[in-house]
Amino acid sequence: MSNTVGRSIFYPTSLCPSVAEYQSKVNSSGIPANPLFKAVSINQRSAQTQNFLLSSKFRGNKLYVRKRKSAMGRLGRAAGIPHAVLTTDHSSEQLSEKYNLNGDIELQVGVDSVAPGSITKVDIQASHSSDSLILHWGVVRDRQAKWVLPSRRPDGTTVYKNKALRSPFVKSGSGLTLKIEIDDPAAQAIEFLIFDEANNKWFKSNGENFLVKLPVTERPPVTERPVHEISVPEDLVQIQAYVRWERKGKQMYNPEQEKEEYEAARKELLEEVARGVSVQELRARLTNKTSSTEGKEPSVSQTKTIPGELVQIQAYIRWEKAGKPNYSLDQQLREFEEAKKELLAELEKGASIDEIRKKITKGEIQTKVAKQLKSKKYFSVERIQRKRRDLMQLINKHVVKDVDLQDIAAPKAPTLTVLERYAKASEEQDKGLVLNKKIYKLGDNDLLVLVTKDADKTKVHLATNFKEPITLHWALSRTQGEWSVPPPSALPPGSVPVHKAAETQFNTSPSDPSYEIQTVDIEVEDDTFKGMPFVLLSGEKWIKNNGSDFYIEFDGGKKLMPKVNADGQGTARFLLDKIAEMEHEAQKSFMHRFNIAADLMDQAKDAGSMGLAGMLVWMRFMATRQLIWNKNYNVKPREISKAQDRLTDLLQNVYTSYPGFRELVRMIMSTVGRGGEGDVGQRIRDEILVIQRKNDSKGGMMEEWHQKLHNNTSPDDVIICQALIDYINSDLDIGVYWKTLNDNGITKERLLSYDRAIHSEPNFRRDQKEGLLRDLGNYMRTLKAVHSGADLESAISNCMGYKTEGQGFMVGVKINPVSGLPSGFPELLQFVQDHIEVKDVEPLLEGLLEARQELRPLLNKNLDRLRDLLFLDISLDSTVRTAVERGYEQLDNAGPEKIMYFISMVLENLALSSDDNEDLIYCLKGWNNALSMCKSKDAHWALYAKSVLDRTRLALTNKAEWYQQILQPSAEYLGSLLGVERWAVEIFTEEIIRAGSAASLSSLVNRLDPVLRKTANLGSWQVISPVETVGYIEVVDELLSVQNKSYGRPTILIAKSVKGEEEIPDGAVAVLTPDMPDVLSHVSVRARNSKVCFATCFDPNVLCNLQANKGKLLRLKPTSSDVVYSVVEEGELVDAKSTQLQEDGSVPTLSLVRKQFSGRYAISSEEFTSEMVGAKSRNIAYLRGKVPTWIGIPTSVAIPFGVFEYVLADKRNQEVAEKVKSLKMSLAEGDSSTLGEIRKTVLQLEAPPQLVEELRTKMKSSGMPWPGDEGDQRWEQAWKAIKKVWGSKWNERAYFSTRKVKLDHEYLAMAVLVQEVINADYAFVIHTTNPSSGDSSEIYAEVVRGLGETLVGAYPGRALSFICKKHDLNSPQVLGYPSKPVGLFIRRSIIFRSDSNGEDLEGYAGAGLYDSVPMDEEEEVLIDYSSDPLVVDSSFRQKILSSIAGAGSEIEKLFGSPQDIEGVIRDGNVFVVQTRPQM
C-alpha cells in the first residue's frame, strides 16, 4: 500500500448511482482494499491526476494514437524475419511443428481447432528432464500491437510486469508438456520464448521470438469509427478496471501497474465501441442493474461521503486494536467496510465530518498511518516471488582431510616445554581441580604458577627456569593488595618469616632432575585466604611483574575447572598453548586481542580445521564474556576498529582460499565485529560528545558511559545503548532499562567492573526524549558498525551504502554501496526489513532465503568487499533462526503442509551455511517432494514424509557429531588452560548448535513426527521381535557397550543407540531403543532367534516414561505395532517362561565337527559337498537350473574347508603360525584384546603357488574373470580379501557368539565362496515368512540402493520395506520408504564370501557373523531418493517389488521351508546371491 490516502482510480463521489452501487459490492467505503485501488491524500489529488493523464495515452475520454513503442513481450523482434508458421486450414484436425533449441531440447508445438469459433488448443512438448522450463508468452491480435494476455490460462501461470504471461511446463513421462487454450476469436497468433529459470537461460527461434499462427474465426464486417471520434464514460472505465483486477485474481499492483491496468480497461471498451457496441450496451453488461432502486429516498450513507483519509485512519485504529495482524485480501476488504460503517454510524447519530475528524486524529495517529502506509503496507500479505532453482547447484562437497599436526606444529621454546611438563605432572599428582594457571614472561626466562584444589587444601606450585638461585618473597591475602604473614602450617621447609611476609628458596625439582627447573610448593589449609602476592629475589635484584607485585588469585576469578583433555588430543595443541601464553596480553583490550588473533591466523590456517576450531573457541570464550575484555589499558575506539579490520580481512582471505574452512570462518566472524579503517571507530568517541552536547545530558550516567567509551568500547555498549532507547520509549521506566541490560547478560556488578565504572542510572527529562531517541538511534548504527558485524540492519547498511551530510551530526559519513549486487537485491533487502517484525514470519523467511540465494554466487568470488557480503549473509542466516523461533506459535494449530514448508525453509538455510551439504540438499529435495505429494493428496505422502524426516534427523545427528568432534576437544583443553568456568566448557558445542539453524530444524522435525506417524498409521512403536516378557529396566547409552556383558537377572535394556551389528547380551530379555535398525539387520535376526523382545519406540515421551522405571520389574506385552507395559510387584508370580529365565539362563550346548583339508585348494560349484563347503555355497549351487530363468544365479567357485589351516601350516608361513598360536593362548586365558592382533597376523600369510594356480584354473573354467590377468597387484588385492575372510573367524562379535553357545572355536572351519560382483542398482533381503508377525502367508522384504552391505551392516537409516501376500504377488504393500543416506557401489569385481560350518547348526543363527569381502573397495555414494524411480515411480516400484516377492516365493517352494534370501536388482532383473533357512 502506498503512502497516500483518500482517492482511488474509482471516483465514488462522481459516479452515477448504478455504478456506485456496483462498487459497493466490493468496497462500500470507496476506499482501496488493494493497491490497484490505491488512495491518495486530498492535497495530492490534483497533482497526481494531472501527472497520470499527461503520462497516459488517454487524455480525458479521448484516445490519441501515438507512435508505437516496442512491446516488452516482443523482445525487439524485427519485421520480415521468417518464422515457423502452422497452417490454419480448419479441415485439418491437428497440425504440428518441431523446433530444435541449441541442440539440447526438442520442442514440438501442436495446434488443434475443430471448428471456427471453438476453443483453440495449443499443445507444447519439450524433451527436457528439468522442471525449470517456463513459457514466456502472449497472444497477438494485431502484428503492430502489444501482446494480449488472455483470461484462460494454464495452472501456475503468473503475470510478468503486466506485459506477458509465464506458464511452467509440467513433467510428463521423461519430458515436459504444457497445454494452452485460446478462446479469443480475435487472436491471430501465439508468440513466445522458452526460459530455463534454473540456469537463467533464454531459448529463441533463430535469435527471434517463436510465432505460431492460430486459426482465425471469420467475423461479419463492422463499420468501425475512427478512434479519435470515440469516447467512453469514465465510470465504465473504472468498472472495467475492477473487472480485470478481479479476473486476474485480485493481484497486488504497484502505481505503474495500476496505471497500465486502467489504460488497458479503457482500451478494451474503446475497441468494443469501435466494433459497434453502444455505450448503453456496455453499461448494461457492466452494471447489470434494473431500475428497481429508482425512486427510493437515499439514506445518510448514500447522501454523505466519508473522506477517504478518515476511513484509512479508522481502519488503522481497528488494526492496531486487533494487535496489528496480517490480513488476507478478504479480511482487508471487510476491515475497510467495517471502518466505513463505524464512521457512517457516527454520521447517523448527527456528528459532523469535522467532529469525526477531530475525534479520531488525536495525537500522532496521522503520522503513524502515513508511516505505516509508507513502510508496512498493512492489510495486505506481501509475498516475494521465489525463483525456481536447481537445488543440485547448491551442493558443496568441501570436505577437508585432517592435517598431520606433527608436520606443521610451531616450535616451542624448550624451557616452556619443561615448565608445561612440570605443570602436567603436578596436576596429575594432585588429582584435584585446577583453580588458576599462569605463565609469566620474565625476559629470557619463564615463571609458572599453578593453583590446584585437593581435598581441603589449596596447593600453589611455582616453577621457573632461571639458572641462578631464586628466592620467593611472598605472603597471603584475603583481599587484593593485602600482605599477611603466612601461617606456620603453610610455610615450606626452610622458609624464613620476615615483616608481613615469608621468604622461601626455590629448589631444584626433586621429582625429575632432567627438568632443570627450580620449584616451590606451598599448601594453604585456611580457605579464607583468596590469593598470594609475591616478588622474586635474584641475588640483590628484585624481579616484579611489569613494575608491580605479582598476585595470583586462588580461584582465578572463575569457578572450579576440572582437568579435561589434559593431553590436548584432537586439537591443534601448539596453537592453544600459544593462545594461553598470550592471554595475559590479550586481556588488556580488544585491540590487543584482535591483533594477537591476526598474528596467529597463519598458524591456525596451517593447522587446518583443528587450528581454526581453536581460534573459534578462543573468540567464542571472549564473546560470551568468559575472558577479560579490558584490564588497566586505555585504547581509542579507532584502534580497536583497525585491529578488527585487520583480523576480519585475514579471515576473508582464508574464506576465499580454503572453501573447506568456510563454515568455521563464518562462525569466527560472527563472534567478531566488522571493524574498519579510518573514522568508523573514532566516531564512537566523537558522537557521544555530540549527543551529550545537543541534548543537555553531560553529567551522571551519560558522562560515566562517555568515559567508558573513550577508555575501551566493547560490544556491551550496543546493549547499553539499546537499554537507554528502551528506557526512553517506556516513558522513562527505569525497570525497562535494567530488564534490557539483564536480559543480555549485563548486571550492576558488570557495570561496576569496567575500568571506567558506570555507577549511576539514567535520569532524563521528558523534554529530552525526542532528541535522545533520534540521536541514540543514529549512534546505535555506529556502535553496531564496529561491534556487531552480524547485525542485520548494520550489515545491510554497509552493503547498500549510506551517507549523511549537513546536519551537524555524523557529518561527512559516507559508506559506498557494494558494487555488482544482483538486480532487484536492494528491494529484496527492503522487503526483509519491512517484514522483520511482522507477526506472520513466513513471508519474511521467504525473503531472507531469497536474499541468501541471490547473495550466494557473490560469496564464491574473490571480491574487494567480500567481508561486507559475508557479514550480511551471516546476519541473514541468524535472522532466519530468530524468525523461526518467533513463528513457533503460529505453527501450534497448523497442518502438516505448513510445518513441512517451514522445515524445507530452515533446511535450505542450514544447507546454505554448510561446507559439506550434499546430504542436506537431498533431504531438502525430499521435503519438496513430500510437499508436492501432500498437496496432490497422494495416499503415501505421510509415509514418504516420515522417511525424509528420519533421514533429516540422521543428517542433524551427523552435523552435531561433527561439531562435537571438531570443537569440544579444543574447548576443553583451552578452557582448562584459561580457567574458563566449567559450565561454559561443558555446554560449548551445545550452545554453538543452538545458535544455528540445526536446533530450529530439530524442533520442527520433532513437532511434525507425531503428526506423520498418526497420518500414516505408524503408531509409537515398530515391533521387530514380538515376545512377551518380564524383566528389570536398565538404561544404557549403546547396546555395543554391553553386548559382551552377562546380566544375572532378566533385564529389559533401553539402549539409546543400536546400530544393527551388535549381539544381544546374556540375560537380556528385551531391547527397546529410539534408534532405527533394519528389521532384517543382524541384531534384529539375533533377537528373534533368541526369543528376545526387540522394538523401536518413536515417541520420546513414552521412552522417557520407560526410562523413569529404571530398576523396576516390568511386564512387556508387544503386538505387531504396539508395546503395552506394566509394573510387576516383586512378589507377583511371573509366567513359566520368565521363571525359567530367572532360574536357568543357559542354552543347549552345540557341537562342531572338525573339517580336514581335502587336498583341493579350489573347487567348482558342481563339486560342492557338506565336507567341502558350508550351506551358503551348497544352497546357491542347488538353485542353478532349478529356479525360473528370469531369476539369475551368479557363477560360483569355492576355497574349501581346511585350506586356511593347511596354508597356515605351510613352512613359508611358519613365523605367522607361531605368532597365531601364541595369540590364541592369550585369548584362551581371557585376553580378548588379542582378537584384533590375530586378524592382523593372518594378513601376513603367503599364498602357496599351487593355491594360486588351482584357483585361477577353476575361476577361468567357470567363466569368471581371473584377477591376475590384470596384473600382480590385482591378485594381491584378491589374496588380501581371502585372508580377511579367514581372519573374520576372530571377529569380536563372532567369537563371543560362539562362546555364548559353548561352541568349540577351534573346530570352526571357514570355506570361501567366490562370486563375481553384480554391480547392483538395488539389493534386497527376503524373509518368506513375515518375521514380525510370524504370518507364513506373507513375504517380508527390505530393499536398498546399491550393494546389500548397507542393509545387513551397521549403516544408519531404514531400507524400503514391504510385505506381499503369496496369493497376490502383484500387489506389494510398502510399509516404509528408505531413509538410508548412503549407498555402496563398486566396479566390476570379485567378492569372497565367508561360508563357515557354524552357519549350518539348527537352533543357532551363525549366518552374518563372518565377513564377506570384495576385492575392490566399495564407494560410498549419498543417495538422492527424489529421483529414484523405486521411490517416485509407482509403476516401476510395483514391478520391482513384485519380482522380488516372486523370487522369494519360487525359492521357498523349491526348498519347502521358509527362506532367508539375499539378492540384487540390475537393470530390472533379479539375481539371487544366497539363501538359507529362515531362523
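A search for side chain to side chain donor-acceptor pair (under 3.5 Å) contacts involving E749 returns T747, not counting sequence neighbours. S477 meets the side chain to side chain donor-acceptor pair (under 3.5 Å) test with Y551; sequence neighbours excluded. Legend: residues meeting salt bridge (charged side-chain N to carboxylate O under 4.0 Å, His left out) with E639, ordered by chain and number and at least two apart, are absent. Residues satisfying the salt bridge (charged side-chain N to carboxylate O under 4.0 Å, His left out) criterion with E503, sequence neighbours excluded, are absent altogether. For R593, the salt bridge (charged side-chain N to carboxylate O under 4.0 Å, His left out) criterion is met by E583, not counting sequence neighbours. Every residue two or more places apart in sequence or in another chain was checked for a salt bridge (charged side-chain N to carboxylate O under 4.0 Å, His left out) with D649, and none qualifies. Remark: H759 pairs with E704, L752, A757 by the side-chain contact (heavy atoms from CB on, under 4.5 Å) rule, at least two apart or across chains. Taking S538 as the reference, nothing meets the side chain to side chain donor-acceptor pair (under 3.5 Å) condition, with sequence neighbours excluded. Y633 pairs by the ring-ring contact (aromatic ring centres under 6.0 Å, His included) definition with H592, not counting sequence neighbours. The side chain to side chain donor-acceptor pair (under 3.5 Å) test applied to E525 returns no partner, not counting sequence neighbours.
Under the 6.0 Å cut-off for aromatic ring centres, F466 and F506 do not qualify, their centroids lying 6.0 Å or more apart. Two rings, from F550 and Y440, have their centers less than 6.0 Å apart.
Side-chain contact between L476 and P487 is present, with at least one heavy-atom pair separated by less than 4.5 Å. Side-chain contact between R620 and E991: present, with at least one pair of heavy atoms (C-beta onward) separated by less than 4.5 Å. Under the 4.5 Å side-chain criterion, counting only non-hydrogen atoms from C-beta, H584 is not in contact with K441. For the pair H473 and W542, the minimum side-chain heavy-atom distance is below 4.5 Å. By the 4.5 Å heavy-atom criterion applied to side chains, K438 and I552 are counted as neighbours. With contacts defined as side-chain heavy-atom distances shorter than 4.5 Å, the pair L450/Y422 does not qualify. When side chains are defined from C-beta on, T571 does not count as touching M610, because their heavy atoms never get closer than 4.5 Å. Counting heavy atoms from C-beta outward, K530 and T479 have side chains that stay 4.5 Å or more apart.
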**Asked** Going through the checks in order, is the ring pair (Phe, Tyr, Trp, His ring centres under 6.0 Å) test met by H499 and W483?
**Response** CA-CA 10 Å; H499 179 64; W483 281 67; over 10 Å; no
**Request:** Please step through side chain to side chain donor-acceptor pair (under 3.5 Å) for the pair Q965 and E961, ending with a clear verdict.
**Result:** CA-CA 6 Å; Q965 178 185 353; E961 287 176 352; over 6 Å; no
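Remark: the backbone N or O of Y655 is paired with a side-chain donor or acceptor of R662 at under 3.5 angstrom. Proximity of a side-chain donor or acceptor of S495 to a complementary backbone N or O of P492 within less than 3.5 Å is detected. Judged by distance alone, the side chain of S589 and the main-chain N or O of M591 form a donor-acceptor pair under 3.5 Å.
Using a 3.5 Å distance cut-off with no hydrogens or angles, the side chains of Q505 and T471 do pair a donor with an acceptor.
Listed by first and then second residue, the salt bridge (Lys or Arg N to Asp or Glu O under 4.0 Å) pairs that reach into residues 468-497 are R478-D526, sequence neighbours excluded. Sorted by first then second residue, the salt bridge (Lys or Arg N to Asp or Glu O under 4.0 Å) pairs that include residues 710-720, not counting sequence neighbours, are R625-D716, K708-D717, D716-R750.
Using a cutoff of 4.0 Å between basic side-chain nitrogens and carboxylate oxygens, R573 and D577 are scored as salt-bridged. Salt-bridge check for R638 with D645: failed, with every basic side-chain N at 4.0 Å or more from each acidic carboxylate O. Note on R646 versus D599: salt bridge recorded, some NZ/NE/NH1/NH2 to OD/OE distance being below 4.0 Å.
Of the residues L783, T713, N744, the one that meets the side chain to side chain contact (heavy atoms under 4.5 Å, CB included) test with V718 is L783. When each of Q587, M622, K588 is tested with I628 by the rule side chain to side chain contact (heavy atoms under 4.5 Å, CB included), just one qualifies, namely Q587.
With a 6.0 Å radius and a threshold of 12 heavy atoms from other residues, nucleotides or ligands, K959 has its NZ atom above the threshold.
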